[in-house]
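First comes the structure, then the notes that go with it.
Please read these numbers as outputs of a predicted model, since none were measured by experiment. Chain naming here is simple, since letters A, B, ... match the order of the sequence lines and numbering starts at 1 in each.
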Protein chains: 4
Amino acid sequence: MHMTSPFSVAVAGASGYAGGEVLRLLLGHPDVRIGALTGGSNAGQPLGALQPHLVPLADRVLEETTPETLAGHDVVFLGLPHGQSAPIAEALGDDTIVVDCGADFRLVDGADWEKFYGSAHAGTWPYGLPELAGQRDQLRGARRIAVPGCYPTISTLTFAPAVAAGLVTDDLTVVAASGTSGAGKAPKPHLLGSEVMGNASAYGVGGVHRHTPEIRQNLGRVTDADLKVGFTPLLVPMARGILATCTAPLAGDVTAEEAYEVYAKAYADEPFVHLLPSGMWPATQSVLGSNAVHLQVTVDEAAHRLVAVGAVDNLAKGTGGAAVQCMNLALGLDETTGLSTVGLAP
Amino acid sequence: MHMTSPFSVAVAGASGYAGGEVLRLLLGHPDVRIGALTGGSNAGQPLGALQPHLVPLADRVLEETTPETLAGHDVVFLGLPHGQSAPIAEALGDDTIVVDCGADFRLVDGADWEKFYGSAHAGTWPYGLPELAGQRDQLRGARRIAVPGCYPTISTLTFAPAVAAGLVTDDLTVVAASGTSGAGKAPKPHLLGSEVMGNASAYGVGGVHRHTPEIRQNLGRVTDADLKVGFTPLLVPMARGILATCTAPLAGDVTAEEAYEVYAKAYADEPFVHLLPSGMWPATQSVLGSNAVHLQVTVDEAAHRLVAVGAVDNLAKGTGGAAVQCMNLALGLDETTGLSTVGLAP
Amino acid sequence: MHMTSPFSVAVAGASGYAGGEVLRLLLGHPDVRIGALTGGSNAGQPLGALQPHLVPLADRVLEETTPETLAGHDVVFLGLPHGQSAPIAEALGDDTIVVDCGADFRLVDGADWEKFYGSAHAGTWPYGLPELAGQRDQLRGARRIAVPGCYPTISTLTFAPAVAAGLVTDDLTVVAASGTSGAGKAPKPHLLGSEVMGNASAYGVGGVHRHTPEIRQNLGRVTDADLKVGFTPLLVPMARGILATCTAPLAGDVTAEEAYEVYAKAYADEPFVHLLPSGMWPATQSVLGSNAVHLQVTVDEAAHRLVAVGAVDNLAKGTGGAAVQCMNLALGLDETTGLSTVGLAP
Amino acid sequence: MHMTSPFSVAVAGASGYAGGEVLRLLLGHPDVRIGALTGGSNAGQPLGALQPHLVPLADRVLEETTPETLAGHDVVFLGLPHGQSAPIAEALGDDTIVVDCGADFRLVDGADWEKFYGSAHAGTWPYGLPELAGQRDQLRGARRIAVPGCYPTISTLTFAPAVAAGLVTDDLTVVAASGTSGAGKAPKPHLLGSEVMGNASAYGVGGVHRHTPEIRQNLGRVTDADLKVGFTPLLVPMARGILATCTAPLAGDVTAEEAYEVYAKAYADEPFVHLLPSGMWPATQSVLGSNAVHLQVTVDEAAHRLVAVGAVDNLAKGTGGAAVQCMNLALGLDETTGLSTVGLAP
């Protein structure tokens, strides 16, 4: 590896929400130089017309998303629709670090992929959730990284310590309230401001959301138990943020204090996972724009259930922040470079 | 009963959200005449300064909340802080219909009351959820009515058919995302617009929210099973509406179609409960300002769980609409008089 | 005129925001029977899939928008894109009352039309703002009605008394903050919830918005002065509502009290225009879903300017409510039938 | 001046919005060390309980706001209620740089102060708007700095080039739509989320808002003309951001292109003022959390008016960002240290 700082990075899909968030964070990263920016139908337009919040890049013109425009960079971030990452990655070769914000390479089980995505499985890359058992080591120096889905990121981090410690062993339920940016920038009637403001709704109910097998896969990495996971996503009126309520019947008797201790130990050394003081519950506003995950856990004694709640910014730690965090690991930089645990509130 | 239309009604707590909503609905009710309006610290002010949306009542001045100002009406609605309803109701006598929007007379079990409210139990009145087995008959001609809590209303209606039919028999989980008006009009820092906009948060987690025993009490009326109910309320950035996600392990094998049929039958004759066409999921915007409850149900086969979702306007059918619906029953009017299933969207 | 109650009404464009709002109000109107509902690309779908808040019409299937499907009704409401109303109206004949929620027949001056809409002028119909000098009489018994634009409705009503009384005679400025539903239901990227929440923006600045000549035309009906009107629309994060700030240099010396009196007299007999008590300023939440307009006026002595502020629900009094109000006049009904001044707050 | 990096800084009022924003920015500043944090009624509490988004400071406990706790720092930021800054500043002495986020020392004219604030004038400090003619030089090495009000910041920057160039010479009108955080964290009923969501309202209308004389004072620094300024603030449903629409009759003939050029030249060297490409209009989302101001200007030919629109984050460049920018100047650091022009969108 002959790369040296500043590392050159390219972003494919720079006009979308994932690409825009990667760029927002890279603009504050001390060790990178932003190279090619590409778009689909927006190629030829200046970024300032599409992402006016990225002032320093306002005059940069989007190129076509092709292997040629992306070649020659140390790192390439992909923020592309499903199915488009594989041919790009193949063409780029192993000298380039490819960080895919899309879903193509997240799932290990090809049957899961085919069932939920309805196409041929492209393969499996190192999974970009360093906080999940064993993943960090695979990400150091990696040349290919699959950034996790936003719901799986927060569901996994919120449930993992309880699952790993055997506090809960089955019948896991996740109800996750999400802001609208997770649905992307392609305009659809139900995502109009008029439809989402003043509105909370459920969608993808009954185990059919594509992030369901990814959550199960992740939690399966910290237990031998054969977990059933029920996942219900909600859309709530905010642009960013996911609040995940994770609950399951207790496997045995455990107090709230003991559960808290399990979480405190599990994340004691994690720079981006913040277990709140006992009694405080996560709020998405506190993690807005940051790479932090806020967690809390307790025990509902009457219902004999564990209840853990997690908050994440779906675009930051849930996508673009994770991408940068993983790039840091791949490049051998300090994992936290250019990332922050400070949220934008109020 | 010598009352005749138009019936005279008084509203205590007319400057609050519950009182305001009762008045909003009464202004469209053909059989009532609005009499005394009372307030606490706001007594002496014109309603127009406090509830500017109630234009026809703008010049009405709030009186003190006393038995004297409320006496002499056919119906008195109470929108008062906990603990203040009992003395008022006692003083009014049995000739007056008293509809209490507060919690004081909802719970049957005095031990539950004391545990969750921390004061002496005032008693139990007929429970104002006509759609719950057996309640409608008790409400016809009633002189005292306890309007249900907003969370219990939607949680009960969303879960009841599945519980009654034995599709689920234990380990019930409710995660309910609520708008902020449920927390009332008393200003508190965490309810400021700056704090709630762009924010989703959890509170009252772990079985400690006061509506928990009320949900359990209601569902206990449709089953002999000894249910455990885990309830987690969320605050999301909207003024009105609750979306309740209700999920539990299936007691046996049942298909989504069978579950749907159970719900269709259970609510076939209910004027305000609307089971959506299969595949559509409830959205709170659709019930805004209306007395309708929107429901959908399915089965998550992989997780072997039933998932039902319900939407309600917490101030309308969740409080003021229920109050008017119950008044209609108490007065012998058509139950739907002055109420609508048409929501305000977008 | 041989029509008798209940009058049959049809709605073209029933899946859009204007059509949906007309239907929401017609469902509470005692003298109509809802007939044909038509749509463009949505023809063939049940209304319940498109407008789930209109529960009583959930099973009605949209027909194609043709003169044939719309024929045979007493009243036809048109909620169609620009340019589509003329051929429909022509085919329907004069026995049918046609109420057009679109812009085609609002402007008197063909040159204005061509400049701002870029197409041939279709003509001019009676203008559906009964509160504007002289218009009410033209609307009684009318067979064709052009419903005003939402911005012109509130700008006109907020400025008209001051202009008519000569308090201000030129250099009128309107800055109007609007919710997003005014932009319609066709999905465009800048109208996505993710883009509009947490965001205030200006658009159509510099006198180029299509409602500019309509505002000037309206105010020209109450003065002989040759007015210059500067209009700036803003998009703010709410689904409904317009707040218009109307300000102009005072033509002479006038006190705030005198200005208030001018407004009080001008609207003393108007059922839907509500001048707030002195010192209270309009808020769009107070008129949500209602046909009311809330106004306030004062004088900025240091700046020697009149400042008037108005609030309206752009979909209700700003479109669908005005349409129903005009239908009432056309049918000879009480003008307020089926309409309310009670808003939905909070 | 013997201070050396890292400079020690204290923040009085650390639990409020201004103090919290200063801390958010200081946490990303390379040349400071965060010392004492003080609060009023919140003294004794850990910051994590009050500002959970400031994770790295979660365990820091608030001290009392006294000269003693604040003494010994190189820089002290004051985020205090009106009237409390003077005694603190006096006690701190001239070795300490005091940056006041409150209003006490902004106005030059004592009569203006007394009229709008109703108390004795404390004095005048260098005014913390480096982009305003002549101010930057006074801020370099300053020991006392008055951070501008949020409305004056954006109103001044949006209007100043046109006023300075004589494009407009009188009858200036500002209508500024603001998020709710500008009103602070003290809970009041009209600032509740239930009241502000789905709501746009006007307040402080008629020249009575306290920021009115400050705007006039600022614009008076770039012209000899005796300006009348009409200012109307609006509250719109978002936590952060101000969008200011600034319009005035043209003094002579000028084209939109010429006006644009005036603005382009005026701000060519300003690091934080971003004139958008012609045809794009500012949106507050683009400057969220950043120190950037976005501007656009045009000419309304029919109305013969200049229209300029500006967007700012009221808490960032509008308060905390300006405070840090001024600290940089006072300390002799590069003015942009620790500040960014990159907004958080969507």
Handout entry: Nearest heavy atoms of C:Phe231 and D:Asp300, plus distance in Å
Key = N-OD2, 4.3 Å

Exercise for the section: Considering only heavy atoms and a distance below 4.5 Å, find which of D:Val196, D:Val205, D:Leu192, D:Ile242 pairs most often with chain C. Expected result: D:Val205

Handout entry: Straight-line distance of C:Met280 CE to D:Ser201 OG, nearest 0.5 Å
Key = 10.5 Å

Practice task
Evaluate the side-chain proximity of C:Asp171 to D:Asp171: yes if any heavy-atom separation is below 4.5 Å, no if none is.
Solution key: no

Exercise for the section: Show the numbers, then the answer: is there a side-chain contact (heavy atoms from CB on, under 4.5 Å) between D:Thr247 and C:Thr232? Expected result: CA-CA 9 Å; D:Thr247 166; C:Thr232 306; 5.7 Å; no

Exercise for the section: Heavy atoms only: give me the nearest D:Gly198-C:Met238 pair and the separation to one decimal. Expected result: CA-CB, 3.8 Å

Fill in the blank from the handout: Paired with D:Thr245, the side-chain contact (heavy atoms from CB on, under 4.5 Å) test is passed by just one of C:Val175, C:Thr245, C:Thr173, namely C:Val175

Fill in the blank from the handout: Max heavy-atom pairs within cutoff under 4.5 Å with chain C, candidates D:Gln285, D:Arg240, D:Met197, D:His304, goes to D:Gln285

Fill in the blank from the handout: Most heavy-atom pairs under 4.5 Å with chain C, out of D:Ala200, D:Gly207, D:Ala283, belong to D:Ala200

Handout entry: C:Asn199 to D:Thr284 - nearest heavy-atom pair and separation
Key = OD1-N, 3.1 Å

Problem - Exceeds 12 heavy-atom contacts within 6.0 angstrom, atom CD of D:Glu114 - result: yes

Handout entry: Atom CD of D:Glu301: over 12 foreign heavy atoms under 6.0 Å
Key = no

Handout entry: Residue, of C:Ala303, C:Ala239, C:Ser178, that accumulates the most heavy atom pairs under 4.5 Å with chain D
Key = C:Ala303

Problem - Residue among D:Gly230, D:Ala202, D:Gly179 with most heavy-atom pairs under 4.5 Å to chain C - result: D:Ala202

Handout entry: Portion of D:Val236 that has a non-hydrogen atom of chain C nearer than 4.5 angstrom
Key = side chain

Practice task
Tell me, for D:Pro282 versus chain C, whether the close heavy atoms (under 4.5 Å) come from the side chain, the backbone, both or neither.
Solution key: backbone

Completion exercise
Heavy-atom nearest pair, C:Gly206 first then D:Thr298, reads CA-CG2, 3.8 Å

Exercise for the section: Quick one: closest heavy-atom pair of C:Glu195 and D:Pro346, and the distance? Expected result: OE2-CB, 4.2 Å

Practice task
Answer with side chain, backbone, both or neither: which region of D:Ala311 has an atom nearer than 4.5 Å to a non-hydrogen atom of chain C?
Solution key: neither

Problem - D:Val229 versus chain C, the contacting section by heavy-atom distance below 4.5 Å - result: backbone

